[in-house]
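Report on the following structure.
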Amino acid sequence: MKLSSAYYLNQDAVGVAKDLLGKVLFTKIDGEISAGIIVETEAYFGINDKASHAYGGRRTNRTETMYSQGGVAYVYLCYGMHHLFNVVTSVKDEPHAVLIRAIEPLVGKDLMEQRRKMPATKSAISSGPGSAARALGIDRKFNTKDLTGEEIWIEDHQIRYREDEIAACPRVGIAYAQEHALLPWRFFVRGNKYVSKPNKL
DNA sequence: TGGACGATGACCT
DNA sequence: GGTCATCGTCCAC
């Protein structure tokens, strides 16, 4: 049920990004559990990906997390106010990661409503990477945490989507990545209301 | 050591 | 469609 450490050693972050759709992301904070179905992801593919923080092999205090062996959380602050959560994949020193861009609330909806100060019926509660992380209570303290531990983990609930239910399109907010901005490394579940905009092809 | 800049979202018209 | 909040990170000085 809980994804094992072996799952995260996969060296194909694009494949993992697609495979994570339908998996369930859990957090347990102060004994309280919340979880959501992953419905939107983006792959950041190693040192040759211009959109990645690790492009060109850049190694800094922040990016060091991405160079860890797969199976840890990479969380960083974006625009001074949003915590973005990534799943680190692949082997040590290969900085691949998958950004979780949206979840569908599944467990602990009341907790999410408190954190987001809006009803769980409203799609904005967990739509977009900043909102999804906040709904689950993920902040910078989760950076480098083990994804097979007791605070944050991912489960396989046998939710499977057909090929035609999954869309692949260019990633969001990375215009600076030039030609790499067009790579279809964003995946989402078609028609799911929690998918962030733009949610059409 | 300072200043530009985000893998965004909320609220406005 | 437009504006702007807000701060850690990175690199040029």
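A note on names: the letters A, B, ... follow the listed sequences, proteins ahead of strands, and every chain is numbered from 1.
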With a 4.0 Å limit, can you tell me whether A:R134 has a side-chain N or O closer than that to the phosphate oxygens OP1/OP2 of B:dT8? no
Could you label the plane-to-plane angle of the A:Y74 and A:H53 rings as parallel, tilted or perpendicular, counting under 30° as parallel and over 60° as perpendicular? perpendicular
What is the nucleic acid contact for [X], judged by heavy atoms within less than 4.0 Å: base, sugar-phosphate only, or nothing?
| X | value |
| --- | --- |
| A:R116 | sugar-phosphate |
| A:I174 | sugar-phosphate |
| A:S127 | sugar-phosphate |
| A:R171 | nothing |

Quickly work out the A:Y55 OH to B:dG6 P distance and round it to whole Å.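 Whole-Å distance recorded here is 16 Å.
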Flag for A:S5-A:T148: side-chain donor and acceptor within less than 3.5 Å: no
side-chain hydrogen bond (donor to acceptor under 3.5 Å, both in side chains) partners of residues 169-179 of chain A, not counting sequence neighbours, each pair once: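 Found A:D49-A:R171, A:K50-A:Q178, A:K50-A:E179.
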On the side chain of A:H53, is there an atom forming a donor-acceptor pair with the base of B:dA7 - under 3.5 Å, no angle test?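 Yes, the side chain and the base share a sub-3.5 Å donor-acceptor pair.
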Given that A:G173 and A:K122 both sit by DNA chain B, which one's nearest nucleotide is further toward the 5' end?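 Closer to the 5' end of DNA chain B: A:G173.
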Is there ring stacking between A:Y79 and C:dA5, where the centres must be under 5.5 angstrom apart and the planes under 30 degrees?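 Answer is no, no stack.
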Return the stems involving DNA chain C, sorted by first number, where pairs are Watson-Crick (N1-N3 with N6-O4 or O6-N4) or G-U wobble (N1-O2 and O6-N3), both under 3.5 Å, and runs are 3 or more long.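 DNA chain C stems, ordered by first number: B:1-6 with C:7-12, B:8-12 with C:1-5.
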A quick test of your reading: do over 12 heavy atoms of other residues, nucleotides or ligands sit less than 6.0 Å from CZ of A:R134? no
If we check salt bridge (charged side-chain N to carboxylate O under 4.0 Å, His left out) with A:E151, which of these qualifies: A:K28, A:K145, A:K141? A:K145
Which residues satisfy the side chain to side chain contact (heavy atoms under 4.5 Å, CB included) test with A:T121, sequence neighbours excluded? A:P119
